[in-house]
Amino acid sequence: MTLPNVYITGIGSKLGSMEVSIEDIARRFQLTSAQLRKLQRKCGTTRLYDCSADESIEHCALEACQVALKNASLSPGDVAGIYASTGGPVTEHMLPDLPRTLAQHLGLGDIDTVGMSMGCVGGIDCMVAVRDRLIVDTLEGRSARYLVVCGDQPSVIHSAADRSTAFLFSAGMSVFVLSNEATSGYCIDKIRCVSAAGDPLSLALRNAFTTPGAKFEMHGEAVYEFAVRTALPMLPRLLDQDVIPKDAYCIMHQASLSILRQMAVQAEIDDTLMYYDGIREVGNTSGASVMFGLEDAIVKGYVHRAPRVFLGTFGVGLKVGAILLSPVGDPANVVGRSHSLA
């Protein structure tokens, strides 16, 4: 059975406006210059971002929504629903949640608003749900567009004393516009996400309601093993492939430079077809990292190195997700004529 097509027709992103110096973090942990260089070779980050005192992750999400709608040549009234994923208690309110709050800011009333799973696969989780919704809309004769919103403010849920996360994560939100009609953008050829075997407590966030002041905990070695031993072999199988497609530009979750490099070696991905700029220039933005990555790779022209694009994610909850995209018309239209992550 051939299902109706679903497309990405607009992308918008917004990082926290406060640039965080890697050197300042190193001084906080009293690292020597040699220790910092070694850590940077492992992590890959050169700078990170956080929300300033007068902004919130909700403000970043709203601005990203507005940019994505503009790039898709849509107005807020064209939106049928908002699906969002954030990594825990980072927004001002638990209720109303982020998608309902965004709908209010956009002046939208009777639309579908859904808060979904957290973490590094959260964006793909939302996209799977929206893709299925759009297929139903098409079969029932409706033209529809939805916003997929994903990102985090790690400084809220990570401990400032935790060296394992201090050099990796940035605050930011990314938004995809998904539609069942398109003249340009990217067609979602295949998409799937599943849970995997392993120790889910290697990436744990305790319940802030029961444990006041609870913070995210990450066990680096276990995460590395999960990424390269478990997640990497699963990614192509999610798309009914034996290996990651050789005719696709690969944008993996920007976990760390060492993980990305090991994945490239293990999967025999040519370096010119592997995206590294996100972890180097932006840092790990959790579930938004492949969304930031696609936007950045389009702007820089990297996606033209191959006829298709592969997005692979893995992380919190020991989930793994993958998407295979093919261009429609001029795919660069999804980022508009101007572009700025910051």
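Heavy atoms only: backbone and side chains are in, while hydrogens, waters and symmetry mates are out.
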Legend entry - Of all pairs that satisfy ring-ring contact (aromatic ring centres under 6.0 Å, His included), the ones with a partner from residues 250-287, not counting sequence neighbours: His253-Phe314
Inset, instruction - Is it possible for you to say whether Ile8 and Val299 belong to one hydrophobic cluster, with membership spreading through side-chain heavy-atom contacts below 4.5 Å? - result: yes
Inset, instruction - Just do the side chain to side chain contact (heavy atoms under 4.5 Å, CB included) check on Val320 and Leu232 with the steps written out, would you? - result: CA-CA 9 Å; Val320 182; Leu232 182 60; over 6 Å; no
Inset, instruction - Ignoring hydrogens and angles, state whether a donor on the side chain of Asn284 or Ser289 is under 3.5 Å from an acceptor on the partner side chain. - result: no
Inset, instruction - Output yes when Arg47 and Glu23 qualify as a salt bridge under the 4.0 Å nitrogen-oxygen rule, no when they do not. - result: no
Inset, instruction - Using modelled atom types only, decide if a donor and an acceptor are shared between the side chain of Glu140 and the backbone of Asp137 within a distance under 3.5 Å. - result: no
Inset, instruction - For side-chain hydrogen bond (donor to acceptor under 3.5 Å, both in side chains), just list the numbers for Ser155 and Asp50, CA-CA rounded to whole Å, side-chain angles, deciding distance to a tenth of an Å, and then say yes or no. - result: CA-CA 7 Å; Ser155 61; Asp50 199 0; 2.8 Å; yes
Inset, instruction - Answer yes or no: is there an ion pair linking Asp296 with Lys300, defined by an N-O contact shorter than 4.0 Å? - result: yes
Inset, instruction - Kindly compute the distance separating SG (Cys65) from CG (Leu147), expressed to the nearest 0.5 Å. - result: 5.0 Å
Legend entry - Nearest atoms (heavy-atom pairs only) where Ala103 meets Ile111: CB-CD1, 3.9 Å
Inset, instruction - Taking all heavy atoms of Pro99 and all of Ile82, pick out the closest pair and write down the distance. - result: CB-O, 3.6 Å
Inset, instruction - Inspect the surroundings of CD in Gln35 and state if more than 12 heavy atoms from other residues, nucleotides or ligands are less than 6.0 Å away. - result: yes
Legend entry - Donor-acceptor side-chain pairing of Ser17 and Glu55 below 3.5 angstrom: yes
Legend entry - Leu238 vs Ile191, side chain to side chain contact (heavy atoms under 4.5 Å, CB included): CA-CA, chis, key distance, verdict: CA-CA 8 Å; Leu238 294 180; Ile191 181 171; over 6 Å; no
Inset, instruction - Treat each ILVMFWY residue as a node, draw an edge where side-chain heavy atoms are under 4.5 Å apart, and state whether Leu139 and Val6 are in one component. - result: yes
Legend entry - Value rounded to 0.5 Å, distance of SG in Cys60 from CG in Leu62: 10.0 Å
Legend entry - Side-chain heavy atoms of Leu318 within contact of Thr230, under 4.5 Å: no
Inset, instruction - Mind running side chain to side chain contact (heavy atoms under 4.5 Å, CB included) on Leu294 and Leu325 for me, showing each step along the way? - result: CA-CA 11 Å; Leu294 178 59; Leu325 305 172; 3.9 Å; yes
Inset, instruction - Just say parallel, tilted or perpendicular for the rings of Phe169 and His158, cut-offs at 30° and 60°. - result: perpendicular
Inset, instruction - Indicate yes or no for a side-chain donor-acceptor contact from Ser179 to the backbone of Tyr7 under 3.5 Å, with no hydrogens or angles considered. - result: no
Inset, instruction - Considering non-hydrogen atoms only, spot the tightest contact between Gly321 and Leu235 and give its length. - result: O-CD2, 3.3 Å
Legend entry - Donor-acceptor under 3.5 Å (Asn71 side chain, Ile11 main chain): yes
Legend entry - Side chains of Thr313 and Cys120 in contact at under 4.5 Å (non-hydrogen atoms): no
Legend entry - Lys319 bridged to Asp125 by N-O distance under 4.0 Å: yes
Inset, instruction - For Asp247, look at atom CG and say whether over 12 heavy atoms of other residues, nucleotides or ligands are found less than 6.0 Å away. - result: yes
Inset, instruction - Could you state whether Met116 and Val194 fall into the same hydrophobic cluster, counting links through intermediate Ile, Leu, Val, Met, Phe, Trp or Tyr residues with side-chain heavy atoms under 4.5 angstrom apart? - result: yes
Inset, instruction - Search all heavy atoms of Val328 against all heavy atoms of Ala182 and return the closest pair with its distance. - result: CG1-O, 4.4 Å
Legend entry - Donor-acceptor pair, side chain of Thr138 and main chain of Pro4, under 3.5 angstrom: no
Inset, instruction - Check whether any side-chain N or O of Glu181 sits under 3.5 Å from a backbone N or O of Ser143 as a donor-acceptor pair, and report yes or no. - result: no
Legend entry - CD1 on Ile259 to CD on Glu225, rounded to 0.5 Å: 10.0 Å
Legend entry - Shared hydrophobic cluster for Leu3 and Tyr186 (ILVMFWY, side-chain gaps under 4.5 Å): yes
Inset, instruction - Output the distance between atom OG (Ser52) and atom CD (Glu19), rounded to the nearest 0.5 Å. - result: 13.0 Å
Legend entry - Heavy-atom pair with the smallest gap, counting every atom of Gly287 and Cys150: C-SG, 3.4 Å
Legend entry - Any Glu58 side-chain heavy atom under 4.5 Å of Glu63 side chain: no
Legend entry - Sidechain-backbone polar pair: Gln266 side chain, Val228 backbone, donor-acceptor under 3.5 Å: yes
Inset, instruction - Would you check if Phe176 and Met291 make a side-chain contact, meaning some heavy-atom pair closer than 4.5 Å? - result: yes
Legend entry - Spatial distance of atom CZ (Phe310) from atom CG (Leu239) [nearest 0.5 Å]: 5.5 Å
Legend entry - Joint cluster assignment, Val303 & Ile279, ILVMFWY side-chain distance < 4.5 Å: yes
Legend entry - Distance-minimising heavy-atom pair for Ala72 and Gly10: CB-CA, 4.0 Å
Legend entry - Ser56 side-chain N/O to His59 backbone N/O, donor-acceptor pair under 3.5 Å: yes
Legend entry - Backbone of Thr45 reached by a side-chain donor or acceptor of Gln40 within 3.5 Å: yes
Legend entry - Heavy-atom side-chain proximity of Val177 to Leu74 below 4.5 angstrom: yes
Legend entry - Basic-acidic side-chain contact under 4.0 Å: Asp112, Arg133: yes
Legend entry - Close side-chain approach of Ser256 and Leu168, heavy atoms under 4.5 Å: yes
Inset, instruction - Please assess Ile157 against Lys215 for the test side chain to side chain contact (heavy atoms under 4.5 Å, CB included), listing each intermediate value before the final yes or no. - result: CA-CA 5 Å; Ile157 57 177; Lys215 297 293 183 180; 5.6 Å; no
Legend entry - Student check: side-chain heavy atoms of Phe167 and Leu36 closer than 4.5 Å: yes
Legend entry - Main-chain N/O of Glu268 paired to Lys246 side chain as donor or acceptor, under 3.5 Å: yes
Legend entry - Met263 side chain near Ile269 side chain, heavy-atom distance below 4.5 Å: no
Legend entry - Test item: Thr101 side-chain N/O and Asp97 main-chain N/O as donor-acceptor pair under 3.5 Å: yes
Legend entry - From CG (Asp152) to CE (Met173), nearest 0.5 Å: 7.0 Å
